[in-house]
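Notes follow the structure.
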Protein chains: 2
Amino acid sequence: MAGARVVKKQSLPEMIASDLRERILSGELAEGEAIRQELLAEEYDVSRMPVREALKRLNAEGLVLWENNRGGSVVKHSLPEIGEIFDLRLLIELDLFRRSIPQMGEADFATCERILTEMENSDDISQWGKLNYSYHMALYAAADRRMSNEFLERLSLHSDRYVRIHLSVMKQREPAKEEHRQLLALARNGEVAAGTALLEQHILRTKTELLEMIAAQRKTPSR
Amino acid sequence: MAGARVVKKQSLPEMIASDLRERILSGELAEGEAIRQELLAEEYDVSRMPVREALKRLNAEGLVLWENNRGGSVVKHSLPEIGEIFDLRLLIELDLFRRSIPQMGEADFATCERILTEMENSDDISQWGKLNYSYHMALYAAADRRMSNEFLERLSLHSDRYVRIHLSVMKQREPAKEEHRQLLALARNGEVAAGTALLEQHILRTKTELLEMIAAQRKTPSR
DNA sequence: TGCAAGTGTATTGTATCCAATATCCTGAAA
DNA sequence: TTTCAGGATATTGGATACAATACACTTGCA
């Protein structure tokens, strides 16, 4: 047979949405920035129709604000809202980790290991968010909770967005690396209580650091 | 001034999406049923374009399954997925209620009372889901958690869908009526622990009943 | 009969065109 | 100077037309 590897055929709107998502997460499209359909259509060399669908999609995901007859703009969250995103992640991830640990097998541990080394070797910031998300998902894969994962994906999208913008300045990475290793070790030993406690600390620490950074940056509208 | 009451101008796709949402929740559009754009366009007397957008929107909300070049169909969830919907509701609603109770004031209690009496007097099946959702939201309004509410809205959508299709309103309403009153009373007294415990029971009871009904019905695919 | 290729039809996907709406600019009146 | 009306321009919303794809059906062949 010709093609052994099959990549799920993406539709045009999907591909455009993926790219725009990345452009928003990376900060290339800034908070509050207006989005012109025509302009994007030219950039992607398509008509406005698939661009429109992509934007509506991102609107449903909460990344794009849509106003009737005025078009879209990049969503800007308030500080409390960003805090909430992390609180919700906390709720769902703790639940997932608690359910996952007892179900994890050698294959799961191996996958986690693999992603972990990949993270430690990669310096590409734009990859970090994806890898971080993959790792967390790998930890929860054994729980086999489709809906939770779907919701978590959306939450991670938003938290990654703000983490990535400030990541370069954040000390974030060193402690996170250590915590990731420990999470896996605790999961391996089936230590649910200790594992979830560490996970909680892991997420809340990021939340605190991030909120401080953003608060400071929003005080000084310079730059 | 002319119009004191302003209803947020809805766009065509929004209106169509709302109506389709209702048709799916009510079961008029059945699980797995294919959706023809042209047909809907004729029904609403518009072109396929706004219908498409509405369907894509419902796709993003998880009510419509979309397959490239094959169009949309009404999503059908597995039993474990339906269970998860309730588990997620539980996580978020407990968190909201816990945060809300200490913040609630007389205005909040009054709103809850109002909705409660409205619920007890209304016999309209299609309204019950909305009222039930309104009541829960009123309980959590004081928490002032925008993101959580947004996520909860989507979860409630899905749970309402299955509740409406499978549980007779009457059977559902009698115990719920009592619990709803008690929730409000506990909130009034600031009894966080007792309140959240009752809320947990309230949600889990519905989950159990519902899963049993659906399991039984899916065993016998008879109509 | 069973199956594969090919043809025709139904349906979705995208581009283009026109209509509706918002925004910007100008100028006149208070 | 401020403000408001009105018109020019930019932008989005929706309808239509056409292209691409999937599906059902037939035909030809083993």
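Reminder, nothing fancy here: chain letters follow the sequence lines and each chain counts from 1. This structure is a prediction, so every number in the text was calculated from the model and none was measured.
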Rounding to an integer number of Å, can you tell me how far [X] [atom1] sits from [N] [atom2]?
X: B:Q10; N: D:dG14; atom1: CD; atom2: C1'; answer: 17 Å
X: A:E14; N: C:dT12; atom1: CD; atom2: P; answer: 16 Å
X: A:L55; N: D:dT12; atom1: CG; atom2: P; answer: 9 Å
X: B:N59; N: C:dT12; atom1: CG; atom2: C1'; answer: 14 Å
X: B:M15; N: D:dG13; atom1: CE; atom2: P; answer: 13 Å
X: B:E38; N: C:dG13; atom1: CD; atom2: C1'; answer: 13 Å

Strictly by modelled atom types, are B:E153 and B:S156 linked by a side-chain donor-acceptor pair under 3.5 Å? no
Between the side chains of B:E33 and B:S73, is a donor N or O closer than 3.5 angstrom to an acceptor N or O? no
Electrostatic pair B:R205:B:E209 at N-O distance under 4.0 angstrom: yes
Which pairs count as ring-ring contact (aromatic ring centres under 6.0 Å, His included) when at least one residue sits in residues 45-85 of chain A, sequence neighbours excluded? A:H77-A:H158, A:H77-A:Y162
Could you encode protein contacts along nucleotides 14-21 of chain C as a string, one character per nucleotide from 5' to 3', using B for base contact, S for sugar-phosphate-only contact and - for no contact, with a heavy-atom cut-off of under 4.0 Å? BBB----S
Are the side chains of A:E53 and A:L12 in contact, using a 4.5 Å heavy-atom criterion? no
Reckon A:Q37 has a side-chain N or O less than 4.0 Å from the OP1 or OP2 of D:dA10? no
Classify B:L39 by what it touches in the nucleic acid, base, sugar-phosphate, or nothing, heavy-atom distance under 4.0 Å. nothing
Of all residues at least two apart in sequence or in a different chain, which pass the side-chain hydrogen bond (donor to acceptor under 3.5 Å, both in side chains) check with A:E93? A:R89, A:H136, A:Y140
